[in-house]
2 protein chains.
Amino acid sequence: MVIDQLSLTFSALADPTRRAILARLTSGQTSVTELAAPHDMSLPAISKHLRVLEHSGLITRSRAGQVRPCQLKAEPMKDAVDWLERYRRHWEERLDRLADYLQELQANAPRQKGKRRGRAGKTSR
Amino acid sequence: MVIDQLSLTFSALADPTRRAILARLTSGQTSVTELAAPHDMSLPAISKHLRVLEHSGLITRSRAGQVRPCQLKAEPMKDAVDWLERYRRHWEERLDRLADYLQELQANAPRQKGKRRGRAGKTSR
DNA sequence: TTAGTATTTAACCGATTAGTTAAGTAACTC
DNA sequence: GAGTTACTTAACTAATCGGTTAAATACTAA
């Protein structure tokens, strides 16, 4: 099944080992072995993490002799941030509360005395 | 096992259904049934999604009669954005490439004729 | 060619995930 | 209290995840 890019990005970022790897890559491309060093897990485990990072487009890999250097490609993070930014005002102001308050006001507006249920429609499928 | 908040947030955001639910909640708190309506899945499935959103701190739930309204709590997104922002320059400029270039320069610095392997050390454990 | 280094692939495992259906709970309506 | 509405819990399933060890691959060095 096809999985959208944003889901791919967020789920790649959901693992602390992978985030640490990305952090390390901000100081330049490096080998798998060196990326593995700080982590208390086997090389194949790291290799798998790198594969999901590559799959999500957050790194690219090349070849230089025996070593396969990994390089950061932060572009997909842009879309993640763009998505999140739409919520900024919600965590900065208490706008979520405000939206609820306004909705409450409208819901309790005249000509609907008490127990309205505003077109519930379609009980699931 | 304890799982860090950032991983919790990113993995909550990694599902398109959950992102759609959050998007819906920007226009005010609402019931589980109404949140479920646009999605082609059972109510228990939605209930589970809401549980992971609650667990990650992205929503809160209350009780108003029979209905359990969900409310957006965008705060955890702030930390997600803060984490991502450290990479902004990497997707805006081509800074990732630059870092690699600088590292390359240093690696090829004099007094290391040709095939250095810059203290490989510690072959994993 | 033989040995060593870097990394991936294969096969397996236990835990988690995302969904299902069926049954349970809690409040409201009559 | 009987039925309806709104939701959750339980039990199950198939797929995915994050790790393992062992073996394979690919290059380098002697």
Side-chain angles (χ1 to χ4, degrees), chain A residues 1-4 7-8 10-21 29-37 39-56 59-71 114-125, chain B residues 1-4 7-8 10-21 29-37 39-56 59-71 114-125:
Chain A
M1 88 263 51
V2 283
I3 180 99
D4 63 293
S7 300
L8 227 46
F10 279 132
S11 72
L13 295 175
D15 185 280
T17 304
R18 288 194 290 263
R19 290 199 303 277
I21 288 173
Q29 77 174 22
T30 188
S31 72
V32 174
T33 312
E34 192 163 340
L35 285 173
H39 303 285
D40 189 20
M41 65 181 67
S42 69
L43 223 53
I46 296 294
S47 193
K48 282 188 179 184
H49 282 305
L50 294 176
R51 193 145 51 102
V52 0
L53 286 172
E54 185 178 31
H55 229 89
S56 72
I59 66 171
T60 55
R61 304 155 101 175
S62 47
R63 172 145 227 162
Q66 328 174 235
V67 33
R68 261 81 130 201
C70 298
Q71 188 182 39
K115 71 247 191 101
R116 80 259 101 78
R117 12 194 309 245
R119 70 158 305 275
K122 194 189 182 189
T123 313
S124 193
R125 69 230 133 83
Chain B
M1 88 263 47
V2 282
I3 179 100
D4 62 294
S7 300
L8 226 47
F10 280 132
S11 72
L13 295 175
D15 185 280
T17 303
R18 287 195 289 264
R19 291 198 303 276
I21 288 174
Q29 78 175 21
T30 189
S31 72
V32 174
T33 313
E34 192 163 341
L35 284 174
H39 304 284
D40 189 21
M41 65 181 67
S42 68
L43 221 54
I46 297 293
S47 193
K48 283 188 180 185
H49 281 306
L50 293 177
R51 194 145 51 101
V52 358
L53 286 172
E54 186 178 31
H55 228 88
S56 72
I59 66 170
T60 56
R61 306 156 100 174
S62 48
R63 172 145 225 162
Q66 330 174 234
V67 31
R68 260 81 129 202
C70 298
Q71 188 183 40
K115 69 241 192 110
R116 79 268 89 85
R117 5 196 311 245
R119 70 158 304 277
K122 193 187 183 190
T123 313
S124 193
R125 17 183 195 121

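Here is the naming used below: chain letters follow the sequence lines, and residue numbers restart at 1 for every chain.
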Nearest-neighbour nucleotide for the A:H49 side chain, D:dG18, C:dA18, C:dT21 considered: D:dG18

Point-to-point distance, once rounded to the nearest 0.5 Å, from CZ of B:R18 to CD1 of B:I46: 10.5 Å

Heavy-atom closest contact (A:I59 atom, A:L50 atom, distance): CD1-O, 3.5 Å

Atom of A:Q29, atom of A:P69 and distance for their closest heavy-atom approach: NE2-CB, 3.9 Å

For atom CE of A:M41 and atom C1' of D:dT21, their distance in whole Å: 16 Å

Verdict with supporting geometry, A:M41 and A:H49, side-chain contact (heavy atoms from CB on, under 4.5 Å): CA-CA 11 Å; A:M41 65 181 67; A:H49 282 305; 4.0 Å; yes

Spacing between A:E54 atom CD and C:dT9 atom P, to the nearest angstrom: 10 Å

Salt bridge (Lys or Arg N to Asp or Glu O under 4.0 Å) against B:R19, all qualifying residues, sequence neighbours excluded: A:D4

Separation of C:dT16 C1' from B:I3 CD1 (nearest whole Å): 11 Å

For A:R51, all residues meeting salt bridge (Lys or Arg N to Asp or Glu O under 4.0 Å), sequence neighbours excluded: none

Rounded interatomic separation in angstrom, taking CG from A:D15 and P from D:dT16: 18 Å

Nearest heavy-atom neighbours spanning A:S56 and A:L8: CB-O, 3.8 Å

Degree of bending, the helix from C:dT1-D:dA30 to C:dC30-D:dG1 (end axes from five pairs; round to 10°): 10°

Close N/O contacts between protein and nucleotides 7-11 of chain D (under 3.5 Å):
from: D:dC7; atom 1: OP1; to: B:V32; atom 2: N; distance (Å): 3.3
from: D:dC7; atom 1: OP1; to: B:R68; atom 2: N; distance (Å): 3.1
from: D:dC7; atom 1: OP2; to: B:T33; atom 2: N; distance (Å): 2.7
from: D:dC7; atom 1: OP2; to: B:T33; atom 2: OG1; distance (Å): 2.0
from: D:dT8; atom 1: OP1; to: B:R61; atom 2: NH2; distance (Å): 2.6
from: D:dT8; atom 1: OP2; to: B:S47; atom 2: OG; distance (Å): 2.5

With A:R68 via salt bridge (Lys or Arg N to Asp or Glu O under 4.0 Å) - residues at least two apart: none

Nucleotide C:dT7, atom P - distance to CG of A:L35 in whole Å: 9 Å

Along DNA chain D (nearest heavy atom to each residue), the more 5'-positioned of A:A45 and A:R63: A:A45

Residues that B:E54 engages under side chain to side chain donor-acceptor pair (under 3.5 Å), provided they are two or more places apart: B:R61

Short side-chain N/O contact from A:H39 to OP1 or OP2 of D:dG19, under 4.0 Å: no

